[in-house]
Each structure stands twice: as structure tokens, then as C-alpha cells.
J.: 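This is the structure, below, for whatever I ask next.
What you see is a predicted model; the values in this text were computed from it and never measured.
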There are 2 protein chains.
Amino acid sequence: MDKQQILSKNQQIIFDIIEKAKEPIKAYSILFNVQKKGIKAPLQVYRALDKLVEIGKIHKIESRNSFVACKNSNCQISKATAFSICESCEEVSEISDNKLSKYLESFQNKAGMKFKKYNLEFFGLCKKCSVK
Amino acid sequence: MDKQQILSKNQQIIFDIIEKAKEPIKAYSILFNVQKKGIKAPLQVYRALDKLVEIGKIHKIESRNSFVACKNSNCQISKATAFSICESCEEVSEISDNKLSKYLESFQNKAGMKFKKYNLEFFGLCKKCSVK
DNA sequence: TACATAATGTTATAATATAACATTAATTAA
DNA sequence: TTAATTAATGTTATATTATAACATTATGTA
């Protein structure tokens with residue numbers, strides 16, 4: 001059983017938006033969505049985002065500057081993330097492939113660097129878009 | 001033998017800066033560096049960067065919004081990039097590991113998406129920083 | 001309680017990136 | 001070798017993404 005993180009007010013509001021979005025969402029789009037709830041400033045959003053990323057509830061899609069909820073049901077693997085990104089429709093999905101993560105977690109490079117974390121982004125065309 | 005790309009004036013100027021830098025360099029830092037050479041506007045830099053990324057002469061470190069010259073001597077694998085990033089000193093190096101790239105190139109996810117490209121960023125402490 | 005740590009609120013501003021339009025250079029096809 | 005096409009450049013303005021700095025309030029812990 002993993003430690004259930006209790007979110008603060010702003011963190012919860014912002015997490016809910018991201019989770020409902022079902023697609024990557026950008027910080028300023030989140031800001032727009034939460035203005036009716038009293039969150040007015042970018043920094044309030046970014047602070048919540050930072051925390052949510054830190055505890056693994058959401059991930060940042062670096063190549064898109066956008067955020068998605070973690071789909072690996074409750075697991076805290078914010079340290080090992082992999083995504084597939086459709087370059088046509090921009091659909092993003094989190095990859096959870098045990099072999100892949102094992103392989104990458106154990107990867108050691110020649111410089112002897114010890115890794116704590118990785119992020120992998122695959123690009124291509126999703127099924128729908130590759131038919132078009 | 002791979003096709004030798006001839007760079008335009010701006011592309012060459014900007015590529016030279018990045019190659020000399022030996023560490024990731026940001027777009028506006030490049031801009032500052034090339035102002036004496038007549039390149040005055042961000043867009044001039046970004047356009048050259050886009051092209052250089054496209055032809056694989058440089059890569060973008062997405063998590064850092066910075067750019068490095070490709071170290072895989074002349075090869076055009078801008079489609080398959082992997083880096084190790086030290087979270088302390090921010091040293092970045094390009095990983096060229098045949099096994100790793102073969103593994104990732106052949107990776108197929110469950111949704112049957114066909115990948116054309118990937119980018120992998122490992123994070124940790126480099127040798128120097130892990131001693132401190 | 002009191003001390004420490006985390007979260008919030010707010011204003012201003014920094015850093016990163018692109019839109020839109022005009023012009024010039026290089027390539028290619030007739 | 002000209003005309004047509006495509007690639008690159010120049011320029012101004014502006015959009016987008018992200019953080020600094022400082023004051024305050026809430027929460028957790030000794």
C-alpha cells in the first residue's frame with residue numbers, strides 16, 4: 001500500500017482539472033480554468049504543478065510544455081516516465097511496459113553515472129492518424 | 001557516406017557557437033553571442049535552430065530548453081536521441097549505446113503505434129558531483 | 001504553546017518562442 | 001538563361017511559458 005498523499009486546496013483543484021482533461025493541458029490553460037475558483041496568478045498554478053510532479057500525481061510532457069495525470073494507478077513512479085506522442089493529433093499516452101522500465105532503470109552508461117530518473121518520449125502517428 | 005549538408009550563413013554561425021560551447025546553450029544566450037555578427041532577432045536564431053535540429057546537427061535538451069551539437073560523428077540520428085543529465089552541475093552528455101538504440105527503435109507499444117522518433121533523458125549525478 | 005515547514009496571495013518581470021509580412025538568395029524546371 | 005519555386009533572411013511586434021521577491025496564513029511537530 002502506498003502512502004496516500006493529501007493534497008492542499010490549490011493542489012487538489014489543479015489536479016482535478018488535469019485529471020478530467022484526459023489530454024495534456026498547459027499551465028496557462030489550467031490557469032484560465034481555475035480563475036472562477038479564485039486562483040488568479042500563474043505562480044499559484046506553477047507551484048501546485050511543481051508539487052504534483054514531485055509526488056508523481058502528474059507528469060510533465062517536456063516536449064510539449066504540458067501536463068497529464070499519472071495513469072499508472074497510484075504508483076509513485078514519477079522517476080520513470082515514458083510517453084507516446086502522436087505528431088499529428090498530439091494525443092499523448094503514458095506507456096507502462098514492465099520490460100521497458102526494467103531495462104531503462106538498470107541502464108548504466110559508460111561514464112558510470114548513476115541515474116535516479118528518466119523521461120522517454122516516443123513520437124510517431126497514432127493508429128487513427130496513420131490511416132488518414 | 002552520408003550526404004554532407006551545406007549550411008546557410010546564419011545556420012553556420014549558430015552551429016559554430018553551439019559546437020564550441022561544449023555544453024548545452026540556450027537560444028537567447030546564442031542570440032547574445034551572435035549579435036556582433038549581425039544576427040539581431042530571436043527569430044533568426046530560432047529558425048536556424050529549427051533547421052539544425054531537423055537535419056540532426058544539433059539536438060534540443062527538452063527538459064532544459066537548450067541545445068547541444070550532435071556528438072554521434074556526422075550520423076543523422078536526430079530521430080533517436082538519448083542524454084544523461086547531471087542534476088547538480090547540469091552537465092549533459094549524449095549517450096551513444098548501440099544496444100539501447102536498437103532496443104528503443106524496435107520498441108512497439110500496445111496501441112500499435114509506429115514510432116518514427118524518440119528522445120530519452122536520464123537524470124542523476126555525474127561522477128564528480130556524486131563524490132561531493 | 002512555540003517553532004518549523006509548507007502553502008498561499010500578489011505584483012512585477014524574466015525567459016522562451018512564434019506570428020505576420022516584406023525581401024533576397026538559391027535551386028530547379030521549362 | 002529566364003521563370004518559377006523553394007529556402008533563407010530581416011524586422012517589428014507580440015504570444016507563451018516561467019520565476020523572483022516579499023508578505024501572509026495554515027499545518028505539522030517538538
J.: In whole angstrom, give the distance that lies between atom CG of B:Asn10 and atom P of D:dT11.
T.: 11 Å
J.: Using atom CG of B:Leu31 as one end and atom P of C:dT18 as the other, report the distance to the nearest whole Å.
T.: 15 Å
J.: Can you find a side chain N or O atom of A:Ser8 that sits less than 4.0 Å from OP1 or OP2 on C:dA6?
T.: no
J.: According to a strict under-4.0 Å criterion, is A:Asn65 in side-chain N/O contact with OP1 or OP2 of D:dA18?
T.: yes
J.: Side chains of A:Glu62 and B:Ser63: is there a donor and an acceptor less than 3.5 Å apart?
T.: no
J.: Just to be sure I understand the rule, does A:Leu43 reach a base, reach only the sugar-phosphate, or reach nothing, if contact means heavy atoms closer than 4.0 Å?
T.: base
J.: Indicate whether OP1 or OP2 belonging to D:dT16 is found under 4.0 Å from a side-chain N or O atom of A:Lys26.
T.: no
J.: Within the structure, does a side-chain N or O atom of B:Lys9 lie under 4.0 Å from either OP1 or OP2 of C:dT24?
T.: no
J.: To the nearest Å, give me how far apart CD1 (B:Ile13) and P (D:dA8) are.
T.: 14 Å
J.: Just the rounded figure in Å: distance from C1' of D:dT16 to OH of B:Tyr46.
T.: 11 Å
J.: With a 6.0 Å cut-off on ring centres, are A:Phe115 and B:Phe123 close enough?
T.: no
J.: Could you give the CD-to-P distance, from B:Gln44 to C:dC21, as a whole number of Å?
T.: 19 Å
J.: For B:Pro42 and for A:Gln11, find the nucleotide of DNA chain C with the closest heavy atom, then tell me which residue's nucleotide is more 5'.
T.: A:Gln11
J.: Could you give the CZ-to-P distance, from B:Phe15 to D:dA8, as a whole number of Å?
T.: 16 Å
J.: Using only side-chain N and O atoms of A:Lys51, determine if any of them is under 4.0 Å from OP1 or OP2 of C:dT5.
T.: no
J.: Taking the six-membered ring for Trp and the single ring otherwise, decide whether the centroids of A:Phe107 and B:Phe122 are under 6.0 Å apart.
T.: yes
